[in-house]
Amino acid sequence: QGQLVESGGGSVQVGDSLRLSCAASSALSRFAIAWFRQAPGEGREFVAGDNGSGGGTNYRDSVEGRFTISRDNAKNTVYLQMNNLKREDTAVYYCAARPWVVSHNLADYKYWGQGTQVTVSS
């Protein structure tokens, strides 16, 4: 059974950092994991992804250099380190899993977590 559980969200100020965690069930241990986010009134957008056993990561342009995705295989957990947060990073963040490699298309993902809220204020 594929399950994902996010944690680590919160309310911070502009310039602060947060680290989100996505704990995956063992069935998803080799899957590609991506982070998406959805701001109020907006669609869900790709943020960052890790290809897992396939290797490689990628990011949306607006977070490149500020966010880092990493994976701890021993814990079946994927992290999203978010530095220098901006107000426009405010959203509910979701992790998602699919076989093989990351896709930027949310429709390609079968497994989703419940989301964790990140609020950045000035």
Side-chain angles (χ1 to χ4, degrees):
Q1 191 77 359
Q3 292 184 327
L4 300 167
V5 178
E6 301 99 333
S7 61
S11 296
V12 297
Q13 295 192 323
V14 171
D16 285 351
S17 298
L18 274 176
R19 188 178 77 160
L20 306 182
S21 299
C22 172
S25 60
S26 58
L28 304 179
S29 63
R30 295 181 180 273
F31 277 40
I33 302 287
W35 287 95
F36 288 78
R37 67 186 180 188
Q38 187 165 16
E42 302 291 331
R44 197 169 295 189
E45 63 183 18
F46 174 85
V47 177
D50 180 286
N51 286 327
S53 56
T57 60
N58 58 95
Y59 302 87
R60 71 179 298 105
D61 288 346
S62 62
V63 307
E64 184 86 51
R66 297 189 298 123
F67 290 11
T68 303
I69 190 170
S70 62
R71 181 187 294 246
D72 185 333
N73 290 320
K75 297 181 178 179
N76 287 339
T77 300
V78 173
Y79 303 98
L80 185 67
Q81 177 67 44
M82 305 186 295
N83 297 329
N84 190 22
L85 282 161
K86 303 178 180 182
R87 290 187 64 182
E88 53 264 39
D89 295 318
T90 294
V92 178
Y93 283 70
Y94 300 88
C95 63
R98 69 185 301 268
W100 302 113
V101 297
V102 167
S103 167
H104 289 211
N105 184 354
L106 61 90
D108 290 336
Y109 292 83
K110 177 179 180 180
Y111 303 100
W112 289 87
Q114 82 287 353
T116 185
Q117 176 71 47
V118 172
T119 303
V120 185
S121 58
S122 58

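For Arg30, the CZ atom counts as loosely surrounded, since its 6.0 Å shell holds 12 or fewer non-hydrogen atoms of other residues, nucleotides or ligands. Surrounding CD of Gln1 are at most 12 heavy atoms belonging to other residues, nucleotides or ligands under 6.0 Å away.
Of the possible polar contacts, one joining the Tyr109 side chain to the Ser103 backbone as a donor-acceptor pair under 3.5 Å is found. With hydrogens and angles disregarded, a donor-acceptor distance shorter than 3.5 Å links the side chain of Glu6 to the backbone of Cys95. For Gln114 (side chain) and Val5 (main-chain N/O), no donor-acceptor pair under 3.5 Å exists by modelled atom type.
Taking CD of Gln117 as the start and CD of Gln38 as the end, the distance is 10.5 Å to the nearest 0.5 Å. Taking CD from Glu88 and CD from Glu42, the interatomic distance works out to 12.0 Å, rounded to the nearest 0.5 Å.
By the side chain to side chain donor-acceptor pair (under 3.5 Å) test, Ser62 is found to be paired with Arg60, residues two or more places apart in sequence or in another chain being considered. Every residue two or more places apart in sequence or in another chain that forms a side chain to side chain donor-acceptor pair (under 3.5 Å) with Arg66 is listed here: Asp89.
Criterion: ILVMFWY side-chain heavy atoms under 4.5 Å apart, direct or through other members. Under it, Tyr93 and Val14 are part of a common hydrophobic cluster. A continuous path of ILVMFWY side-chain contacts below 4.5 Å connects Val47 to Leu4, so both sit in one hydrophobic cluster. Note on Val101 and Ile33: separate hydrophobic clusters, where clusters join Ile, Leu, Val, Met, Phe, Trp and Tyr whose side-chain heavy atoms are under 4.5 Å apart, directly or indirectly. Both Phe67 and Leu20 are members of a single hydrophobic cluster when ILVMFWY side chains are connected at heavy-atom separations under 4.5 Å. Criterion: ILVMFWY side-chain heavy atoms under 4.5 Å apart, direct or through other members. Under it, Leu28 and Tyr79 are not part of a common hydrophobic cluster.
Contact check for Phe46 versus Val102: side-chain heavy atoms found under the 4.5 Å cut-off. Side chains of Ser26 and Asn76 form a contact here, defined as non-hydrogen atoms less than 4.5 Å apart. Two residues are said to be in side-chain contact when any heavy atoms from C-beta on lie closer than 4.5 Å; Gln81 and Ser70 fail this criterion. Proximity of Leu85 to Gln13: side-chain heavy atoms (C-beta onward) are nowhere separated by under 4.5 Å.
Nearest heavy atoms, Leu80 versus Ala48: CD1-CB, 4.0 Å. The nearest pair of heavy atoms linking Ala39 to Ala91 is N-CB, 3.8 Å. Minimum interatomic distance between Arg44 and Leu106 (heavy atoms only, all atoms of both residues): O-CD2, 3.4 Å. In terms of heavy-atom proximity, Ser25 sits nearest to Gly2 at OG-CA, 3.4 Å. Residue Arg98 comes nearest to Asp108 through the heavy atom pair NE-O, 3.3 Å, listed as atom of the first residue, atom of the second, then distance. In this structure, Trp35 and Ser21 approach most closely via the heavy-atom pair CH2-O, 3.6 Å.
Side-chain contact, Asp50 with Thr57: no donor N or O sits under 3.5 Å from an acceptor N or O.
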For Met82 and Val63, run side-chain contact (heavy atoms from CB on, under 4.5 Å): C-alpha distance rounded to whole Å, both residues' side-chain angles, the deciding distance at 0.1 Å, then the answer.
CA-CA 8 Å; Met82 305 186 295; Val63 307; over 6 Å; no

Residue pair Asp16, Val120: steps toward the side-chain contact (heavy atoms from CB on, under 4.5 Å) verdict:
CA-CA 8 Å; Asp16 285 351; Val120 185; over 6 Å; no

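Between Phe36 and Trp112, the ring planes lie tilted relative to each other; the angle falls in the 30° to 60° range.
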